[in-house]
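Working notes, beginning with the structure itself.
In this chain, residues are counted from 1 in sequence order.
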Amino acid sequence: MAGRSKSTKPGPERTSVKKIRYAVVGLGYISQAAILPAFAHGTGNSQLAALVSGDPIKLKKLAKKYKVPSTYRYEGFADCLASGEIDAVYIALPNSMHRAYAEGAAQAGVHVLCEKPMAVNEKECEAMIEAASRAKVKLMIAYRLHFEKGNLSAASQIREGKIGTPRIFRSAFTQQVAAGNIRLKESLGGGPLFDLGVYCINAARYLFRAEPEEVFAYNAAGLDQRFSEVPEMTSVSMRFPDDRLAAFTCSFGAANRSTFEVIGTKGVLQMDPAYAMAGELKSEITINGKTRQLRYPKRDQFGPELVYFSDCILNNREPEPGGREGLADVRIMNAIVESAAQNKSVKIQPVAAGKRPALDQEIAKPPVDEPGLVRATSPSE
């Protein structure tokens, strides 16, 4: 379990600086490829102040590269929290470790930005929400597409009725994951549903502007030895209010694909690619037989999260996406896991809807250069 500080000073009182000082916890692929470089775009209100990892070589080399003044091993996390050097943590650890580190940070009066999925089950999510509320610190889940123009524009066009009433959502998010990657470890909260499916679920929710009421799911694995602990793929049907249907497949054993399509009573909106964190995104809307295409250039999708969360801390505003947004997706994923295991549909008690992502949340930052990696590799083969 993560170390915990005895300090209980709440975040709003602790933060009297104009820049929020972050510790990035976990230095795997996502941190090195995206989070650490993103601090170059958050210099107005965000500062990289500390690194936390179990790998001393990563700590040494990355601290030098990014000029980070303080480094800590995992067993020294409590010391990091109590140091007075940080105001917030960005947790980029395996899913099964999110709760312990988020709770430890909150109890020390340190704000929490946590990668998605929020945790591996509802109980852990609720504990994280309670810890942040009790300590009066901010909790945000890192849904990067809530700040990305292409996805926000798609949601806006559907909300405005451009394709009529949205009736059908279809999506695929697939990639080939290399053998030995932590995403293939059940004990660490791995598997395609928690790594990729969360994007499809979240998109269906913000495009339909509703919560699913029932799910049915299948898992498949084939004979590939990579999938001895987690499924190769999961295929899901979700029933939404007003008899709208959403379906998606996520896979760790198929060619790269990242797309969604919403079919309405008057037209169709498609994004392809839709969820990619690097590279251009594209959308296409067809109404009455006429098609219009839009391109959204490659952007840094992580810098906007830092800028937004720091602004929420400095101005004492509740972030969107917050803890309940993370809980909503995890509750749905847990129902999907149950459905696949029991081969039956599972009804869901929806989490009370909060603010949906809107176009006024867009924050544009230029792309970052692809950094060299230190003892980390892309999950894709």
Side-chain angles (χ1 to χ4, degrees), residues 1-28 30-32 34-56 58-93 97-115 128 131-142 302-303 305-317 319 322-323:
M1 180 175 286
R4 295 177 178 174
S5 167
K6 296 181 180 179
S7 169
T8 58
K9 192 184 296 183
E13 294 178 11
R14 180 189 184 103
T15 305
S16 59
V17 295
K18 291 183 179 180
K19 287 188 179 183
I20 301 303
R21 302 164 299 169
Y22 285 83
V24 172
V25 186
L27 297 177
I30 195 70
S31 289
Q32 294 192 40
I35 298 169
L36 297 181
F39 278 92
H41 293 144
T43 54
N45 66 2
S46 307
Q47 177 184 344
L48 180 55
L51 301 176
V52 182
S53 173
D55 187 326
K58 288 182 181 180
L59 288 172
K60 181 178 179 179
K61 291 188 175 182
L62 293 170
K64 181 179 180 180
K65 179 176 182 177
Y66 291 100
K67 298 180 173 58
V68 183
S70 299
T71 63
Y72 297 87
R73 300 287 290 271
Y74 289 135
E75 57 268 29
F77 184 55
D79 296 331
C80 176
L81 296 173
S83 67
E85 299 169 346
I86 65 167
D87 308 295
V89 292
Y90 192 135
I91 297 174
L93 294 163
M97 300 170 69
H98 288 181
R99 175 187 177 177
Y101 281 80
E103 281 189 303
Q107 291 171 5
V110 172
H111 305 280
V112 177
L113 175 54
C114 181
E115 265 301 329
M128 292 164 66
S133 175
R134 188 167 54 246
K136 297 187 170 79
V137 300
K138 305 300 181 191
L139 170 63
M140 176 173 147
I141 310 305
F302 290 76
E305 295 179 316
L306 294 168
V307 170
Y308 174 82
F309 188 52
S310 294
D311 184 70
C312 287
I313 296 169
L314 291 167
N315 293 287
N316 195 26
R317 290 199 294 261

For Gln107, does its backbone N or O pair with a side-chain atom of Arg134 as donor and acceptor, under 3.5 Å? no

Does Ser53 reach the main-chain N or O of Leu59 with its side chain, forming a donor-acceptor pair under 3.5 Å? no

Heavy-atom distance under 4.5 Å between the side chains of [X] and [Y], does that happen here?
| X | Y | value |
| --- | --- | --- |
| Ile20 | Asn45 | no |
| Val110 | Val137 | no |
| Cys312 | Met140 | no |
| Lys138 | Asn316 | yes |
| Glu305 | Phe309 | no |
| Tyr101 | Val89 | no |

Partners meeting side-chain hydrogen bond (donor to acceptor under 3.5 Å, both in side chains) with [X] (sequence neighbours left out):
| X | value |
| --- | --- |
| Arg73 | none |
| Ser70 | Glu85 |
| Glu115 | Tyr90 |
| Tyr22 | Ser310 |

Please report the interatomic distance CD1(Ile30) to CG(Leu93), rounded to the nearest 0.5 Å. 12.5 Å

Measure the NZ-CG distance between Lys60 and Asp55 for me, rounded to the nearest 0.5 Å. 12.5 Å

According to the salt bridge (charged side-chain N to carboxylate O under 4.0 Å, His left out) rule, which pairs have a member within residues 307-316, sequence neighbours left out? Asp311-Arg317

Please set out all donor-acceptor pairs under 3.5 angstrom arising from side-chain atoms of residues 62-69, sequence neighbours excluded.
residue, atom, partner, partner atom, Å
Lys65, NZ, Gly372, O, 3.4

